[in-house]
Amino acid sequence: MPIYWSMMAATALFAFLSLSDNKLRYKQNVANKTRFSYAFLTFAYIAFFCSLRDYVKDTATYIDSFYATPDNWSQIPQYIAEQNTGKFFYVIQALFKNLISDNHYFWLTFLCVISLGCLLRVYYKRSENFPFTAFLFVASATFTWLINGTRQFLVVCILFAFSDWLLEGKKVKYAILAYALSFIHNAAIFMIPVCLFISVKKLWDKRLFLFVVLTIIGTIFSENVFDVLNDALDKDYSAGLAADTGSNVLRLLVALVPVIIIAVERKIVEDEADDAIILAANMSVVNACFYLASTFTSGILVGRMPIFFSVYNLYLLPWLIKHCFKWDKYKIVTMLCIGFYTFYFYYQMEVAWKGLEYVSEILNIHYY
């Protein structure tokens, strides 16, 4: 746990330095935007510890799989054929091991850097308050996908990085990408119908309402519907962290925060939001739908689907707080949000997950 709390501390430190630098540049009539160096250092600190881990949740499975990959090129086709799902992931793994490095730390670093690189690209571009977004990334425990469910999160981050295609109306290209990524993790295939429902021009339109209705119907008949979904998804360990807390109401409440703000201040959002915010606002509804379904059912989907949509909330929420509240209320709401998410981080890590372990042999760190 001290490692994860240090991520919170590092995020706060770089946020303070960034905001102080912004004030100085504002006085000098320079654009008031977080320097990329601060954004990079924030994510680099997280990447450092997430890359150099051992035996944290399903990490051992990834390490064992990496070392089980043949060193002999002639044996690789047979090895790939033996994998039931995610065959392209194992192709990449085999190429990496045989062409780049046979050290699992380099492999985990490779996966981590791609995922965080995709997130950094989008958040730095779209977030009006990057330090706040970085804080939410840690405090919401989204970063834990880097150490558990790595393969699915890789797919999530790549699709997120190419969300510009949705903004540009290139839904066919996005659907093709989702299909291709399904050969890394099967869950990506479900983003194809979702992208058809999602609008980037209209806030909460009729198609999204239809999706909500279908989610409610799916919840009512959850035993049959979720069994089908679970069979279709990869049977990996991506739901491991959420297995004990999938039906936790607190997760649903967190997911509902941006939806509630939009519902109350819908006129402001419609008048001031650009396409990227409209997309995120619609994604937040889909995110809440899946958490609603999982709260009143077995919770299976908590470890699988919501992450595809919750990543949008991390740049949506700072925008909503800034634009939907006047300056005096803005500061209060921001402080309340920081306090609530800090409590959520504590609850999730210490209570729900009973203290998430961190083990790194190369760093000689052992927290159980």
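What you see is a predicted model, and the numbers here were worked out from it, not measured in a lab.
Judged purely by atom type and a 3.5 angstrom limit, Ser20 uses its side chain to pair as donor or acceptor with the backbone of Phe16. At distances below 3.5 Å, at least one donor-acceptor pair connects side-chain atoms of Tyr67 with backbone N or O atoms of His104. With hydrogens and angles disregarded, a donor-acceptor distance shorter than 3.5 Å links the side chain of Lys87 to the backbone of Ala81. Checking side-chain atoms of Glu128 against main-chain N and O of His323 turns up no donor-acceptor pair under 3.5 Å. Tyr124 places a side-chain N or O within 3.5 Å of a backbone atom of Phe36 that can act as its donor or acceptor partner. Using modelled atom types, one side-chain atom of Arg121 and one backbone atom of Ala161 make a donor-acceptor pair closer than 3.5 Å. Side chain of Ser6 to main chain of Ile3: a donor-acceptor pair is present (N/O by atom type, distance under 3.5 Å, no hydrogens or angles). Between the side chain of Thr133 and the backbone N or O of Leu314 there is at least one donor-acceptor pair closer than 3.5 Å. Between the side chain of Tyr315 and the main chain of Ala276, a donor-acceptor pair closer than 3.5 Å is present. The backbone N or O of Ser360 sits nowhere less than 3.5 Å from a side-chain atom of Asp54 that would complete a donor-acceptor pair.
Nearest heavy-atom pair, Ser182 versus Ala188, reported as atom, atom and distance to 0.1 Å: N-CB, 3.8 Å. Contact record, Leu146 with Ser115: CD2-CB, 3.8 Å, taken as the closest heavy-atom pair. In this structure, Thr342 and Phe135 approach most closely via the heavy-atom pair OG1-CZ, 3.7 Å. The two residues Ala255 and Asn313 come nearest to each other via the heavy atoms O-ND2, 4.4 Å. Heavy-atom minimum distance, Cys157 versus Cys118: O-CB, 3.3 Å. In terms of heavy-atom proximity, Phe345 sits nearest to Val138 at CD1-O, 3.4 Å.
Atom OH of Tyr79 is surrounded by more than 12 heavy atoms from other residues, nucleotides or ligands within 6.0 Å. Dense packing is recorded around CZ of Phe340, with more than 12 heavy atoms of other residues, nucleotides or ligands lying under 6.0 Å away. Shown here is Tyr105, whose OH atom has more than 12 heavy atoms of other residues, nucleotides or ligands within 6.0 Å. Counting non-hydrogen atoms of other residues, nucleotides and ligands closer than 6.0 Å to CZ of Phe197 gives a total above 12.
Taking the six-membered ring for Trp and thresholds of 30 and 60 degrees, Phe137 and Phe153 have nearly parallel ring planes, at less than 30 degrees apart. Using cut-offs of 30° and 60° on the angle between ring planes, the pair Trp107 and Phe66 is parallel. The aromatic rings of Tyr346 and Phe343 sit tilted relative to each other, their planes meeting at an angle between 30° and 60°. Using bins of under 30°, 30° to 60° and over 60° for the plane-to-plane angle, the ring pair Phe143/Tyr4 lands in the tilted bin. Using the six-membered ring where Trp is involved, Trp165 and Phe162 have ring planes that are tilted, between 30° and 60° apart.
Side-chain contact between Lys125 and Asp164: present, with at least one pair of heavy atoms (C-beta onward) separated by less than 4.5 Å. Trp145 is not listed as a side-chain neighbour of Thr150, based on a closest heavy-atom distance of 4.5 Å or more. Counting heavy atoms from C-beta on, the side chains of Leu41 and Tyr45 never come closer than 4.5 Å. Contact annotation: the side chain of Thr59 never approaches that of Asn148 to less than 4.5 Å [non-hydrogen atoms, C-beta and beyond].
Two rings, from Phe130 and Phe43, have their centers less than 6.0 Å apart.
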* **Chi angles and distances behind the side-chain contact (heavy atoms from CB on, under 4.5 Å) call for Tyr344, Arg251** => CA-CA 9 Å; Tyr344 176 77; Arg251 282 176 171 264; 3.5 Å; yes
* Go through Phe325 and Glu265 one step at a time and tell me if the side-chain contact (heavy atoms from CB on, under 4.5 Å) criterion holds. => CA-CA 9 Å; Phe325 298 94; Glu265 302 291 352; 5.8 Å; no
* Give the intermediate values and the outcome of ring-ring contact (aromatic ring centres under 6.0 Å, His included) for residues Phe308 and Tyr312. => CA-CA 8 Å; Phe308 282 97; Tyr312 289 86; over 10 Å; no
* Walk me through it: do Thr34 and Phe132 pass the test side-chain contact (heavy atoms from CB on, under 4.5 Å)? => CA-CA 11 Å; Thr34 299; Phe132 194 15; over 6 Å; no
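Salt bridge annotation for Asp58-Arg151: absent, with no cationic side-chain nitrogen under 4.0 angstrom from a carboxylate oxygen.
Side-chain N/O atoms of Ser101 and Asn103 include no donor and acceptor closer than 3.5 Å. At a cut-off of 3.5 Å, with distance as the only test, no side-chain donor of Glu357 or His366 sits close to an acceptor on the other residue.
Annotation: the span from Glu82 atom CD to Ile80 atom CD1 amounts to 9.5 Å, rounded to 0.5 Å. Rounding to the nearest 0.5 Å gives a distance of 7.5 Å between OG of Ser37 and CG of Asp21. For the atom pair CG of Leu13 and OG1 of Thr42, the computed distance is 8.5 Å after rounding to the nearest 0.5 Å. Within the model, atoms CG of Leu95 and OG1 of Thr69 stand 10.0 Å from one another, a figure rounded to the nearest 0.5 Å.
Each of Ile147, Thr144, Leu356 was evaluated against Lys57; a single residue qualifies, Leu356, per the side chain to side chain contact (heavy atoms under 4.5 Å, CB included) test. Among Lys201, Arg207, Lys202, the single residue meeting the salt bridge (Lys or Arg N to Asp or Glu O under 4.0 Å) criterion with Asp205 is Arg207.
Note on Leu336 and Tyr330: separate hydrophobic clusters, where clusters join Ile, Leu, Val, Met, Phe, Trp and Tyr whose side-chain heavy atoms are under 4.5 Å apart, directly or indirectly.
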